[in-house]
Amino acid sequence: MNDPSHDPAPISDRYEPAAVEARWYPVWEKHGYFRPEMPSKKKPFSIVIPPPNVTGSLHMGHALDNTLQDIVIRMKRMDGFNTLWQPGTDHAGIATQVVVERQLAAEGKLKDDIGRDEFLYRVWQWKEESGGAIISQLKRLGASCDWSRERFTMDEGLSRAVREVFVRLHKQKLIYRDDYIVNWCPRCQTVLSDLEVEREERDTEFVYIKYGPLTLGTVRPETKLGDTGLAVHPKDKRYKKYVGKTLEIPSVDGTIRVKVVADAAVDPKFGTGVIKVTPGHDPTDFEIGRRHKLPIRTVIGFDGKMTAAAGTYAGMDRFETRKKIVEDMQALGLIDRIEPYRHAVGVCYRCKTVVEPLVSKQWYVNVKPLARKAVAAVRTGKIRIIPRGWVKTYYHWMNNIRPWCISRQLWWGHRIPAWYCERDDSVHVSTTDLTKCPKCKGPVRQDPDVLDTWFSSGLWPFSTLGWPDKTPELKTFYPTSLLVTGYDIIFFWVARMAMLGLHVMRDVPFRDVYIHTLIRDPEGQKMSKTKGNVVDPLVLMSKYGTDAVRLTMAGLAAPTVRDVRIAEDRLEASRNFANKLWNASRLVLSNLEGYDAAAAARVKPDLAARWLASRLAATVSDVRAALDTYRFSDAAATLYQFVWSELCDWYLEIAKVALYQTADPARRLATQHALVTTLESTLRLLHPFMPFITEEIWQRLPHEGDSIMIAPYPRASRRLVDRAAEREMAVVMGVVTAIRAIRGEMRVPPGVTLAATVKAAGAHVALLRAHAPLVESLARAACTIDPQATRPPSSALGVVGATEIYVGLEGIVDLAAERQRLEKEIRRADETIAFGRAKLARPEFAERAPADIVEKEREKVAAHEALRDKLVASLAWVG
RNA sequence: GGGCGGAUAGCUCAGUUGGGAGAGCACAGCCCUUACAAGGCUGGGGUCGCAGGUUCGAGCCCUGCUCCGCCCACCA
C-alpha cells in the first residue's frame, strides 16, 4: 500500500500506539475495506451493531461488545466473506429526554415552559452536538463498521419502518388501546413497561387495620381511601360467612361500604388472610376488581399527590398521606398493630422514584403470539443462543410474557401514528399524517405520546437494511449472521427483535446470538457515574493503546463468566504483549539483509524451523476452533502463548545463532525465511484482535496485497503439523532447560560458560550432536555428547528422560547447593513413584482402566525409578 | 417463591468429551546477554467452598449443604 501518510520512520524500541492508530484507520476507511461488495458472489456475513445512545459516550461495555464484533467481522472478512457490519445509533427516548430536561433546569426552565416544538428542537440540537462523539470513539476502537450506511433510529427511513410496523400490527389487532393498570413514574411523568420497573428492597411498616369485624395488613395504608372491596380466599373457612356481604365500616372519613369477595389470588396464610382491594392502585387488586366488577377509585394522581377523591387528604403527597392516615386511624382506634416489614417496591429504572400503579389508557402490543414463534425459533435451532445457559432464561421470559405497553408520555421519540377525531371520537391509525377525519372529515389531533424506544430498536436488523423497501441489502444480509450483546438486554432488545423480526419478516433476525459478560469495577461493583468508579475505555486506550485494550477485552469473554472485574494489570499485560510483538518484529526486520524469499524457499528447513511451523499450525487450528465457538478468551490466550513463549522465548533466541553467524548463508537464509513467514502468518492470525499494530508491522514485512485487513486469514493445515519435529525439539529444549535450571539453582555466574557432558542413547545421540551448538548458545554450556560418558567428579546432574547431563562445576560453586538440589529432586521422584505404585497395586486399576492409561502409568513409575537411582548415585559424587 | 451464575495459587481469572492442576499480576534468586528491563532465565506457592455418592480413577458427573452475586415473580 503506497500511502503518503505512511512514512517508515526509524523503529523505536518501544511500541508507540498513538501514531500507528491514527495512521491506519483513515487509510482503511478511505480504501473502502469496511464496505461490502454490492453485488457480490461471496457468501454474506452480517452483524448489526447494538445501537449506542446517540448522545452517549463509549463505556467499557461498548468497548467489550464492539471489540468482539470487530474480531468476528474482521476474521470473516479476511476469510473471504462479503461482510457488513451495520452501524448506527439509538435515540434512547427517556434517557436523552432526561438529559435535555436537566439542561433546561439549569436555565431555570421546565419543558412545558418552552413547549413541545421548541423542546424537540433543543433535543435535536443536543443530538447534533454530541451525536458524533460515540461514532468517533468507535472508530478509535478500530471498529470496522461500514460508516457509509450509518443509521439512526429516528432518521427518515427508520421512522417509516416504525410506522409501517405499527399500522400492520394494528390491522392485525396485535396493537390495541386499553384502560389498564400501568406502572407510572410520577417524576418522569410517563408510563413504564414492566421491564422498566426495578425492584428495590425497602424497610417499611406492615399496618394491621381494623375493617369492622375483620383485620387486615397492608404496607400502603394511604390507598385505603381507594378501597372498593375486601377479598379472602374462596376456601378460607374463617371468612366464609362474609363473602358476598357488603360491610359498613368506620373509617377516617366517616363510614365506608366495602364488598367482600372471594378470590384465589389471596394467600390465606399471609397476614390475616384478608386483603383490601384497591383496583385503582394495585395490579393484583385491579385484576380482582375486574373479576368481581368492583369499581375503580383513583385517589392518587399522576403527580403522586392525593386526588380530590381522597377527601381531606386531597393535594397531599402520597407518602405524607401514609403517615398522616396512620396517625388518624390510630386516633380513631382503627389500628390493630404495626409490624416492621421489609419488601421489594417497584422503582423507575431511570430515576429510582417509587412507581405508582395507576389506571390509564395506553397502547399495547399483544406479544403472546409473537413470543410463541420466538420460542420455536430457538427450540428448532434457527436462532442459536451462545452460551446455551441463556436459553432457559429466554424461554422463561417468553413463556410468561404479558402485553407490552408501548406508549410513553414523552416528547422525544416516534410519535404514535394514531389520530383522534375531535368530532366523532373515532381513532385512526395511518402510515401518513392525517389532517382530517377519514370518516367525517372533522378535525383530528395526533396522539401526543411516543413509542417505547425499544419498539424501534426491535426493528433494527431489517429497518437498517432498508425495509419496508425491498433493497438488495435486505435480500443479501437478512437474516443477519450474528448478534453480540450483553445479557442485560436479552429481554429489552434480543427478545423484541426475535419477535418482531419473525413476525414482520417471517424469518429470524439473526442466526447466532452471542451473549457476553458485563464489566464491573475492581471491587465487583457495577460501574456508575454516581459511584465515581467508571473506568473510561478512552483513557485506557490512551494509556495502554487500543490494541492492548482490545486484546484485554477478548480475554474477558470467557463462556462461563457472568460478570467480570476490570483491573489495570490485565491491560498492562496486554500492552507488554504489544511491545513484545513490536520488538520481536524489530529483530526480524533488522535482520532481513540479503533476504531472498524465492531462494530461501528452496533451502530445507532445519529442526527448529520445522518445529516452529508445526507450532504455528497448531496455533492457527486452535485459534480458529476457539473463534468458531466464540471462545474469545481461549483464542487470545492461545495467541499470547504462541507469540511470547514459542516464537519469542524459543525461536528468536535460536534464530540469533544463524542470523548473527554469516558463516553459513544457506542457514541464515532459511532462518530469515522461517522468521518472515511465521511472523507474517502470526500477524494475520492476530489482526482481528490487534488491528493497528499488526497492520503497521505487516506493511514493513515482505507481504502480498495492499492491507492485512483484506489478506487471507490463516488456515490450519494438517500437513504442517510435524510431530517428529515437535518430539525432537522437546529433547533439545529439555536439555537446555535442565542446564539452565542447574545454572539458576547453583548460582552460576551468567558470564561463565559451563562444560556439559550429555549421556544420550539411541537416536538422541545424533540429534543432540547435531544441535550441540544450539544448546551451547541457549544454555551457555559447551556440550559433549557421549553415549558412554561417565559422571565426572564435581558435577551437577540433570536428567531428561533417558538422557543424563553432567555439568562440571569444579571451582565455580560450592557443591553443598548441588546436594540440596538433588535431595529435593529425589523427594519429588519418591512421591511420584509412591503414587504410581499405589495406583498400579490396586487390581481394579490394572483390570478396569484402559490399557494405554495403565501402560503410561507403568512407564512413568519406571522412568522415575531410574531417575531416582541416578540422583541417589550422584549424591555420592557430590560427597 | 421460582430460575441462573460463582466459590481453583497472595490477587484477577482460565481449565471443551473424567486420567496426579494452568496463565497474568504479585513474590524470591540471578542477569541492563546488542529485539524488548513494559525484558530474560530459574524458583517458591493450591486439602480445586463443605459433606456424601457414582467410578479403577472426580476440579470436571450426581445429591445435599454453606457463603457471595444476579435475574424473574401480582403474598398485600
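Not measured: the values here are computed from a predicted model. A note on names: the letters A, B, ... follow the listed sequences, proteins ahead of strands, and every chain is numbered from 1.
- For Glu593(A), the CD atom is loosely surrounded, since the number of other residues' heavy atoms within 6.0 Å does not exceed 12.
- For U42(B), neither phosphate oxygen OP1 nor OP2 lies less than 4.0 angstrom from any side-chain nitrogen or oxygen of Arg743(A).
- Within 4.0 Å of Lys656(A), counting heavy atoms only, lies at least one base atom of the nucleic acid.
- Contacts of Asp282(A) with the nucleic acid, taken as non-hydrogen atoms under 4.0 Å apart, are absent.
- Thr218(A) comes within 4.0 angstrom of the backbone, heavy atoms only, and of no base.
- Nucleic acid contact for Glu831(A): base, since at least one base atom lies under 4.0 Å from a heavy atom of the residue.
- Closest to the side chain of Thr832(A), out of G24(B), G20(B), G43(B), is G20(B).
- Among the protein residues, Ala849(A) comes within range of the nucleic acid bases, having at least one heavy atom under 4.0 Å from a base atom.
- An aromatic stacking contact links Phe835(A) with the base of G20(B), defined here by ring centres under 5.5 Å apart and ring planes under 30° from parallel.
- Among the heavy atoms of the strands lying under 4.0 Å from Pro850(A) is at least one base atom, whether or not backbone atoms are also near.
- In the set G19(B), C36(B), C75(B), the nucleotide with an atom closest to the side chain of Phe270(A) is C75(B).
- Both cation-pi conditions hold for Lys224(A) and Tyr211(A): the charged atom is under 6.0 angstrom from the six-membered ring centre and inside a 45 degree cone around its axis.
- An OP1 or OP2 oxygen of A35(B) is reached within less than 4.0 angstrom by a side-chain nitrogen or oxygen of Tyr660(A).
- Backbone-only engagement by Trp644(A) is indicated by non-hydrogen atom pairs under 4.0 Å involving sugar-phosphate atoms exclusively.
- Atom NZ of Lys839(A) is separated from atom CD of Glu857(A) by 4.5 Å, given to the nearest 0.5 angstrom.
- Using a 4.0 Å heavy-atom criterion, one finds that Glu287(A) contacts no nucleic acid atom at all.
- Between Tyr341(A) and A76(B) there is a side-chain polar atom (N or O) within less than 4.0 angstrom of OP1 or OP2.
- Between Phe632(A) and Tyr514(A), the ring planes lie perpendicular to each other; the angle is over 60°, past the 30° to 60° tilted range.
- Looking at heavy-atom distances under 4.0 Å, Ser585(A) makes no contact with the nucleic acid at all.
- Within 4.0 Å of Arg220(A), counting heavy atoms only, lies no atom of the nucleic acid at all.
- Residue-to-nucleotide contacts include a donor-acceptor pair under 3.5 Å from the side chain of Arg14(A) to the base of A38(B).
- The aromatic ring centres of Tyr640(A) and Trp644(A) sit less than 6.0 Å apart.
- Looking at every heavy atom in both residues, Ala578(A) comes nearest to Met690(A) through CB-CE, 3.9 Å.
- Of the candidates C72(B), G44(B), U12(B), the closest approach to any side-chain atom of Phe491(A) belongs to C72(B).
- Residue Ile490(A) is classed as having no contact, given no heavy-atom separation below 4.0 Å to the nucleic acid.
- Side-chain N/O atoms of Arg821(A) include none lying less than 4.0 angstrom from OP1 or OP2 on U42(B).
- Using the six-membered ring where Trp is involved, Phe270(A) and Tyr341(A) have ring planes that are perpendicular, over 60° apart on the 30 and 60° scheme.
- For Glu653(A), taking side-chain heavy atoms from C-beta onward, the closest of the listed nucleotides G20(B), C36(B), U16(B) is C36(B).
- Between Asn576(A) and G39(B) there is a side-chain N or O to OP1 or OP2 distance below 4.0 Å.
- The side chain of His396(A) approaches C72(B) more closely than any other nucleotide in the set G43(B), G19(B), C72(B).
- Not a single donor-acceptor pair, N or O on each side, falls under 3.5 Å between the base of G39(B) and the side chain of Lys580(A).
- Of the side-chain N and O atoms in Lys392(A), one or more sit less than 4.0 angstrom from OP1 or OP2 of C4(B).
- No engagement by Tyr395(A) is indicated, since no non-hydrogen atom pair under 4.0 Å with the nucleic acid exists.
- Within the 4.0 angstrom heavy-atom criterion, base atoms lie near Arg575(A).
- Here A38(B) is the nucleotide among A35(B), A38(B), A14(B) with the atom lying nearest to any side-chain atom of Asn579(A).
- Side-chain proximity of Arg740(A) to G19(B), C41(B), A76(B): nearest is C41(B).
- Closest to the Glu745(A) side chain, of the nucleotides A76(B), A37(B), U42(B), is U42(B).
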